[in-house]
Amino acid sequence: RAAHPARTSVASQPILNIGSLAIDPKSPDTVYCGTGEANGSVDSYAGVGLYRTQDGGATWIQIASSETAGIPRRIGVIAIDPHDSHHIILGGVTHDQGDAAAIFTSHDGGAAWTRENFISTQNYWCQCVIFHPTASGVIFATIDEGGSRNGIWRSDDGGKTWRQHTKGLPSPSSL
C-alpha cells in the first residue's frame with residue numbers, strides 16, 4: 001500500500017484568502033499569489049503578503065511579507081513584465097488606516113519593493129495593472145484615489161513616469 005503525503009489542516013495555514021494570481025510569461029511554472037481579499041467590502045479579510053511557486057504549484061514560499069516589505073495586505077493585482085521577469089508590479093487596497101494601499105514595484109523578482117507615489121504619498125487603490133504584451137515599457141494601471149486622479153494611467157518608460165488618460169472618459173472625480 002502506497003504511503004499518502006502528509007496533509008496539513010486548513011486551520012494551520014497562515015492565510016487562505018487569495019486576491020490575485022499571476023503566471024510568469026517567460027516561465028509558466030512560476031506563479032505568484034497575492035493574499036487578502038482586495039474588494040470594496042470592509043468585511044473582507046486581510047492577507048499576509050506575496051507567495052511564489054517555481055514548480056507549477058507543488059511548493060510555495062512567501063517571498064514578501066506585508067508586515068516587513070510594507071506591501072498591501074489586500075493584493076488585488078500582480079503583473080509581470082513579459083520582457084523582464086524580475087520586473088513585477090502589484091497593487092492593493094486597504095480598509096485599515098495603518099495598512100498600505102498603492103502600486104508597488106520590484107525589479108529583483110519580488111525580494112525588494114518600492115511604493116509608487118506618482119498618484120499620492122497617501123493611500124490610493126490599484127486593482128489592475130497590465131504590461132503591454134509586445135511594446136516594451138508600456139504599462140497601464142487603474143487608480144482610485146477618491147478624486148480627480150481616479151482612472152486609467154499609462155507609462156511608456158517601464159513605470160518611471162506616468163500620465164493620466166482622460167480623453168473620451170467620464171470625469172475622474174465622478175468615478
- Donor-acceptor contact below 3.5 Å, side chain Gln54 vs main chain Trp60: no
- Between atom CD1 of Ile80 and atom OG of Ser85, what is the distance when rounded to the nearest 0.5 Å? 7.0 Å
- Ala38 versus Ile75, closest heavy-atom pair with distance: CB-C, 3.7 Å
- Item | Donor-acceptor contact below 3.5 Å, side chain Tyr51 vs main chain Ala64 | no
- Item | side chain to side chain donor-acceptor pair (under 3.5 Å) involving Ser120 - partner list, sequence neighbours excluded | none
- Message: Between Val129 and Phe140, is there a side-chain heavy-atom distance shorter than 4.5 Å?
- Response: no
- Message: Tell me if a side-chain donor or acceptor on Glu145 pairs with a main-chain N or O of Ile119 at a distance below 3.5 Å.
- Response: no
- Compare all side-chain heavy atoms of Leu90 with those of Pro72 and state whether any distance is below 4.5 angstrom. yes
- Message: Test of understanding: with side-chain contact (heavy atoms from CB on, under 4.5 Å), list the residues that count as partners of Ala100, not counting sequence neighbours.
- Response: Phe104
- Given side chains that start at C-beta, do those of Cys126 and Ile143 come closer than 4.5 Å, heavy atoms only? yes
- Message: Rounded to the nearest 0.5 Å, what separates atom CD1 in Ile152 from atom NE2 in His165?
- Response: 8.0 Å
- Query: Which pairs, with at least one residue in residues 45-61 and sequence neighbours excluded, count as a salt bridge (charged side-chain N to carboxylate O under 4.0 Å, His left out)?
  - Reply: none
- Any donor-acceptor pair under 3.5 Å from Ser66 side chain to Gly49 backbone: yes
- Task: Any chance you could lay out the side-chain contact (heavy atoms from CB on, under 4.5 Å) test for Leu50 and Tyr32, step after step, and finish with the verdict?
- Result: CA-CA 7 Å; Leu50 186 67; Tyr32 293 83; 4.2 Å; yes
- Message: Under the ring-ring contact (aromatic ring centres under 6.0 Å, His included) definition, can you give me all pairs with a residue in residues 76-98, not counting sequence neighbours?
- Response: His87-His107, His87-Phe131, His95-Trp125
- Item | Polar side-chain atom of Ser106 near backbone of Trp113 as donor-acceptor pair, under 3.5 Å | no
- Excluding sequence neighbours, so at least two apart, what forms salt bridge (charged side-chain N to carboxylate O under 4.0 Å, His left out) with Arg149? none
- Task: For the residue pair Glu37 and Asp43, establish whether any side-chain heavy-atom pair is separated by less than 4.5 Å.
- Result: no
- Note on the structure: Residue pairs meeting salt bridge (charged side-chain N to carboxylate O under 4.0 Å, His left out), one or both in residues 76-96, sequence neighbours left out, come to Arg73-Asp96, Arg74-Asp96
- Query: Who are the ring-ring contact (aromatic ring centres under 6.0 Å, His included) partners of Trp162, not counting sequence neighbours?
  - Reply: Phe118
- By side chain to side chain donor-acceptor pair (under 3.5 Å), which residues pair with Thr121, not counting sequence neighbours? none
- At their closest point, which heavy atom of His132 faces which heavy atom of Ala135, and how far apart are they? ND1-N, 2.9 Å
- Message: Under the rule for side chain to side chain donor-acceptor pair (under 3.5 Å), what residues qualify as partners of Thr68, not counting sequence neighbours?
- Response: none
- Item | Any Gln127 side-chain heavy atom under 4.5 Å of Val93 side chain | yes
- Can you tell me how far the OG1 atom of Thr105 sits from the CD1 atom of Ile89, to the nearest 0.5 Å? 4.5 Å
- Is there a path of hydrophobic side-chain contacts, each under 4.5 Å between heavy atoms of I, L, V, M, F, W or Y residues, that connects Ile18 with Ile61? no
- Heavy-atom count around Ile23 CD1 within 6.0 Å, excluding the residue itself: above 12? no
- Message: Once salt bridge (charged side-chain N to carboxylate O under 4.0 Å, His left out) is applied, do any residues pair with Arg154, and if so which ones, sequence neighbours excluded?
- Response: Asp156
- Query: Donor-acceptor pair, Thr53 side chain versus Thr59 backbone, under 3.5 Å?
  - Reply: yes
- N/O donor-acceptor pair under 3.5 Å between Gln164 side chain and Asn150 backbone: yes
- Minimum heavy-atom separation for Cys128 to Val77, with atom names? N-CG1, 3.8 Å
- Could you tell me the separation between the CD1 atom of Ile88 and the CD1 atom of Ile78, rounded to the nearest 0.5 Å? 8.5 Å
- Item | Test side chain to side chain donor-acceptor pair (under 3.5 Å) applied to Asp157 - qualifying residues, sequence neighbours left out | Ser155, Thr161
- Message: Just verifying a value: how many Å separate Ser65 OG and Ile63 CD1, rounded to the nearest 0.5 Å?
- Response: 11.5 Å
- Item | Set of side-chain contact (heavy atoms from CB on, under 4.5 Å) partners for Ser27, sequence neighbours left out | Asp24, Thr30
- Rounded distance [0.5 Å steps], OG1 in Thr142 versus CD1 in Ile103: 8.0 Å
